[in-house]
There are 2 protein chains.
Amino acid sequence: MSAANTKAPARRPKGEIARERLKTAAIAVLDRVGYHQMRIKDVTSEAGVAAGLFHHYYSDLKTLVEEILEEYIAVFEATETIERDVSKGDWFNRLRSHYEISVHSHAEHPGIMRCINQFCADDAGFRSRWQESYNQRLQLLADVFPFIFPDSALNASEARMMVRALGGIGQDVLREYYIEGNPRLVGLQLAEPELAEWLAALFYRGLFARNPPRSQLRHAGKILSLQR
Amino acid sequence: MSAANTKAPARRPKGEIARERLKTAAIAVLDRVGYHQMRIKDVTSEAGVAAGLFHHYYSDLKTLVEEILEEYIAVFEATETIERDVSKGDWFNRLRSHYEISVHSHAEHPGIMRCINQFCADDAGFRSRWQESYNQRLQLLADVFPFIFPDSALNASEARMMVRALGGIGQDVLREYYIEGNPRLVGLQLAEPELAEWLAALFYRGLFARNPPRSQLRHAGKILSLQR
DNA sequence: ATTATTATTGAATTTGGATTCAAGATCAAT
DNA sequence: ATTGATCTTGAATCCAAATTCAATAATAAT
């Protein structure tokens, strides 16, 4: 009798399946109750296994959640290849592509993103892991300052602060929009590409002190009316 | 014998003093270990009183910390009268004055600000309390959009998103600079008025898509070199 | 089919910390 | 000085949740 008619065609060791079930369950609980209220019992119940089984696979909740977050961070980092599609010098679309990833991550996994924020606030080790990843993205931009602005009087640290500050534009809105579901923002009913474009346009204005090229704006054209 | 030579000239009921000692201790512990690792024992030890005394004054840590945060929030809110000094139409200095308050709060009480962030993430009730306060400040700006931008095509909600997004500029940098002590930023050694001006200038660029008036810049003049 | 290994259960135990409380100390009022 | 009220102590108790573990079930190896 072949294995073709079983549920798991690529037969994996049984333990791996349970491990996966626990992870999936933990993600659901993270979304529902958040990290700080999460209990081991919540996870095992959600996974439909006995409480004791948890410790067969993980030593504690933190370990499990870190494993989950690590996977997602890896995804974010891998997706950065998207920049390759953008033609050199097309700064607006470069910003847009970064925001699209970021918006999508938040829309898809608000519970995970919230958890990343919480871990950053509570755990110095995780925090530097995450910041390194975030900083690397920002650095891409800071590095080309001398090229973008031939007359730039900023040193490397100042350029870094500048992009860091502008990066805050996305951080806050995405948290409010997707994680906290701030009704004042959610009421706008923005689709992912729209929000990404708005954020990119605002970043662009802060960066270049001018509006993005009209021809590139597909959703946020209204921003051009903010001029005087 | 008069009370003039006692330590507490304005004699207060004994209970009030202990209550105050607990609050002061809690603030110290918040700064040192943060809200989530804080234990009742930490607070009573810091205050130099017996563990059991805590419950004579507070039912739990959350109650105590909420009382502390409420006091600080009240301070932030009261300080908003600072806007009165700014002449009408002087947008850059209006932004600057807001950032000065915000920078100062973070510099002075990083532990409190971190705690506010944590409470916002964990407690929906506190979150809306804080957001209301924050939003009110942003709304001041959103309300004058039609005046600033006579040709604005944005509706009220869109204007709100715009200022909200720009507001993120400060949120993130202040957290990194004062709360987390991100070495990449702290290395810049910026005094409060300098940082406030940088942030105001960036906000201004995002808002107006142009540089702030050269004559207003006292510390961040370099930002004018980012132009092309 | 038998054996060895690994997975799973859930009741029992341990743990960290909150909470209670009886007893003693301090204070204010008379 | 006495009384009653309030403050303070710290050991005893309680509790929710983590953790262990002996027993059983499932699976893989021979």
Side-chain angles (χ1 to χ4, degrees), chain A residues 1-26 28-30 32-68 115 118 122-123, chain B residues 1-26 28-30 32-68 118-119 122-123:
Chain A
M1 170 183 178
S2 86
N5 57 349
T6 67
K7 276 271 169 84
R11 174 104 54 126
R12 282 179 306 172
K14 204 178 172 203
E16 279 311 301
I17 294 174
R19 188 170 256 270
E20 221 43 57
R21 281 167 69 81
L22 284 173
K23 263 199 243 181
T24 309
V29 176
L30 275 182
R32 198 170 54 244
V33 307
Y35 178 68
H36 289 119
Q37 339 301 138
M38 179 189 222
R39 302 287 168 261
I40 288 175
K41 186 71 204 313
D42 296 329
V43 177
T44 52
S45 301
E46 177 82 25
V49 300
L53 190 60
F54 182 90
H55 293 282
H56 192 69
Y57 293 104
Y58 297 99
S59 57
D60 52 23
L61 275 178
K62 202 180 156 211
T63 308
L64 163 55
V65 174
E66 268 170 353
E67 194 175 309
I68 292 170
C115 190
Q118 291 178 328
D122 283 345
D123 181 301
Chain B
M1 171 185 175
S2 85
N5 57 350
T6 68
K7 276 272 171 86
R11 172 104 54 125
R12 281 180 304 171
K14 203 176 172 204
E16 279 310 300
I17 293 172
R19 186 170 258 271
E20 220 44 56
R21 280 169 68 82
L22 284 173
K23 262 199 248 184
T24 308
V29 176
L30 274 181
R32 196 170 57 244
V33 305
Y35 178 67
H36 288 120
Q37 341 299 140
M38 179 189 222
R39 300 289 169 259
I40 287 175
K41 188 72 204 311
D42 296 330
V43 177
T44 52
S45 301
E46 177 82 25
V49 300
L53 191 60
F54 182 90
H55 294 281
H56 192 68
Y57 294 103
Y58 297 99
S59 57
D60 53 24
L61 275 178
K62 201 180 157 210
T63 307
L64 163 56
V65 175
E66 268 171 353
E67 195 175 306
I68 292 170
Q118 291 177 327
F119 263 54
D122 283 346
D123 180 302

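Chain naming here is simple, since letters A, B, ... match the order of the sequence lines and numbering starts at 1 in each.
Counting to the nearest Å, the C1' atom of C/dT20 and the NZ atom of B/K41 are 17 Å from each other. Between A/Y57 atom OH and D/dT20 atom C1' there is a gap of 17 Å when expressed in whole angstrom units. B/H55 places its NE2 atom 12 Å from the C1' atom of D/dC14, with the value rounded to the nearest Å. Rounded to whole angstrom, the span from the CD atom of A/E16 across to the P atom of C/dT8 amounts to 11 Å. As a whole-Å value, the separation of B/Q37 CD from C/dG16 C1' is 14 Å. Distance CG (A/D42) to P (D/dA17): 8 Å, rounded to an integer number of Å. The CZ atom of B/F54 sits 10 Å away from the C1' atom of C/dA18 (whole-angstrom rounding). One atom, NZ of B/K62, and another, P of C/dG17, lie 20 Å apart when rounded to the nearest Å.
When the nucleotides C/dA7, D/dT19, D/dT8 are ranked by their closest atom to the side chain of A/H56, C/dA7 comes out on top. Comparing D/dT8, D/dA18, C/dA18 by their closest approach to the side chain of A/R39 singles out D/dA18. The side chain of B/I40 lies closest to C/dT19 when the candidates are D/dT19, C/dT19, D/dT8.
Residue contacts for B/L53: at a heavy-atom cut-off of 4.0 Å it reaches a base atom on one of the strands shown.
In this model, a donor atom of one side chain and an acceptor atom of the other lie less than 3.5 Å apart for A/Q118 and B/D122.
For the contact set between residues 44-52 of chain B and DNA chain D, defined by any heavy atom under 4.0 Å, the members are B/V49, B/A50, B/G52.
Counting heavy atoms from C-beta on, the side chains of A/R19 and A/Y58 come closer than 4.5 Å. The side-chain heavy atoms of B/I17 and B/E20, taken from C-beta on, include no pair separated by under 4.5 Å. Looking at heavy atoms from C-beta onward, A/L22 lies in side-chain contact with A/V49 at the 4.5 angstrom threshold.
Annotation for A/E46 and A/A28: closest pair OE2-CB, 3.6 Å, computed over non-hydrogen atoms.
Using bins of under 30°, 30° to 60° and over 60° for the plane-to-plane angle, the ring pair B/H36/A/H36 lands in the parallel bin.
Remark: B/R39 pairs with no residue by the salt bridge (Lys or Arg N to Asp or Glu O under 4.0 Å) rule, at least two apart or across chains.
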